[in-house]
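Following: one structure in structure tokens, then a few remarks.
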Amino acid sequence: MADVELAASPRVSSPAPAEDLNLLHEVASRTPGISRLEMCIQCGTCGGSCPSAAAMDHTPRLLFAMLRAGMREDVLKSNTYWVCVSCYHCVVRCPQSIHIADVMYTLKSMAIEAKLFQDSTAADFSHTFIGMVEEFGRSFELGLATQHYLKHFPLRLPGMAPMGMGMLSRKRMALAPTRIKNMRQLKSILKRAKELEAGQ
Amino acid sequence: MTDYLLYPGCSMEASARAYYYSLKAIAAPIGLHLTEIEDWNCCGATEYFGISTTPAYALIARNLALAAQAAHGTRRLLAPCSACYLNLSKADHNMKEDAGLEKRVNLALAAGQLAYQPGSLEIDHLLNAIVHDIGLAKVEKCVVQPLTGLRVAPYLGCMVPRPDHENRCSDHEFPVELDILLRSLGAEVIDYPLRTECCGGHMPQIGPDMGFELLRRLIATASDMEADVMVTICPMCQLNLDGYQGEMNQHFKTSYHMPVLFFTQLMGLAFGVDPKELGFGLELVSARNVLEAVGVKPPAETPPAPPRRPRKPEGLPMPKPLPRGPKVESLNEEVVR
């Protein structure tokens, strides 16, 4: 899979056939707490603070403008939130106190649901990571790294050998996963949580 | 003795063992009494929120519920890892703010015979607890080997100073906690401007081009400012800066050699603890120079630090450093610090 490319300029495709003015409400209601998304004044502080902005299809500011304009498909196809590193610079600097980082997470889950994301690298990484946690109750780096790199960056694997060997020889990476004792309890909790989320 | 429940986080068992060992070594001397929660599970890092909200919060809340019911008579929960701390704190905060979320999470927890009342715990990161609750006076009392002359770059990363809903950290952008702690150990703390810039989290694995650039600017700045070592408070930051430094160098054709240590390791060093007990030698970019600067013998297995390759002269010339300690000379190469 290609690495994230630096965007030359903001790209917005031709207007969507039918604006979805419910999009804003949907995103806001799926975000915990009060997101204040409708309070955005388009000042651009978020985009200016963002360490990943250069690699984004649309800066956070532009994405929110598109979101409020109801451009559902463009928003859910954007790579913006996939490249977000959750550093919360935007959150603490936003003059309108918008829960930007939490909105980014909501957009990720909506893009996964709608299967509209263009580059699956980040989404796959999340799924693989969480797959380990749902199986063992703990993260399992070796399993995650192998599965992820074989699928997305196989050509990088030889170059990673020094780091891999360094980590293994210092026992900084476990060869086998650790499993929590009460996995059954965690599984019941997560199962119920998924049902409740689906009912949302 | 200050009582805290401890949520270690997954990395303590393997990738951040140095953090775990050094934490154990310095806890008793400063009066930090920690009890690990029974059978805690992974907090999900930043990965579950992007898949599904309620399960993400329920995953975290199981730990909060277990901590709240732990029969140790304390409400205080500590996490040494920034991401774990943020997740625990954020779950508690958002459950307080959002009644719908709280209801769903508690219904989910009920399926595991657990429950959590938001606000039942005081959740904090290890650094804040040491600086604000324990206090630097206690830390200073334990210093037997001041880290005089060691130039350190304090690097907190993003998730402890931000969003910091409970206002435990002094500032969102330029917090003082790590600076003053390192100063109390006798180190020379440089005014590192990128204290709270993100290391990229999982970006080196997801989008390496961007991920490595985030690491490069952190390491390059520390190196340009003549830091001997970068000091972190988060296993992810340490793994990225230390573990991925080699790949980052390959990517940009640079040859930085910047050791990255946990702040507890430096505390232990200043307290006179044997470096082996502090996890020295577990770092991929050798911190041998740190031990030598303090006058401590490195553990036997530490490979010698590679000779510094000469940096290409480009950009504005840096002011010449004042002479510090014996100059290292080799026959063939001009070694530039």
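Per chain, numbering begins at 1; letters A, B, ... match sequence-line order.
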Checklist line | Segment of A/R93 engaging chain B (4.5 angstrom heavy-atom cut-off) | finding: side chain
Next item on the list: Would you name the heavy atoms of A/R36 and A/Q96 that are closest together and state the gap between them?
Entry: NE-O, 2.7 Å
Next item on the list: Select one option (side chain, backbone, both, neither) describing which atoms of A/E113 are under 4.5 Å from chain B's heavy atoms.
Entry: neither
Check: What part of B/D242 gets closer than 4.5 Å to chain A, counting heavy atoms only: side chain, backbone, both or neither?
Finding: side chain
Check: So which part of A/S169 gets closer than 4.5 Å to some heavy atom of chain B, the side chain, the backbone, both or neither?
Finding: neither
Next item on the list: Pick one of side chain, backbone, both or neither for B/R17, based on which atoms fall under 4.5 Å of a heavy atom in chain A.
Entry: side chain
Note to self: So for A/H89, is it side chain, backbone, both, or neither that comes closer than 4.5 Å to the heavy atoms of chain B?
What the structure shows: both
Notebook entry, point to check: Could A/E197 and A/R192 be called an ion pair, given the rule that one side-chain N must be under 4.0 Å from one carboxylate O?
Noted result: no
Notebook entry, point to check: With a 4.5 angstrom heavy-atom cut-off, which part of A/M173 approaches chain B: side chain, backbone, both or neither?
Noted result: backbone
Next item on the list: Decide, yes or no, whether a salt bridge links B/K90 with A/D102 under the criterion of side-chain N to carboxylate O below 4.0 Å.
Entry: yes
Notebook entry, point to check: Would you call the rings of B/F212 and B/Y244 parallel, tilted or perpendicular if under 30° counts as parallel and over 60° as perpendicular?
Noted result: tilted
Notebook entry, point to check: Heavy-atom distance under 4.5 Å to chain A: side chain of B/L284, backbone, both or neither?
Noted result: both
Margin query: If the threshold is 4.0 Å, N to carboxylate O, is there a salt bridge linking B/R216 and B/E213?
Written below: yes
Checklist line | Region of A/I112 that comes under 4.5 Å of a non-hydrogen atom in chain B | finding: side chain
Margin query: Return the CG to CD distance between A/N182 and B/Q113, rounded to the nearest 0.5 Å.
Written below: 9.0 Å
Check: Checking B/Q245 against chain A: side chain, backbone, both or neither under 4.5 Å from a heavy atom?
Finding: neither
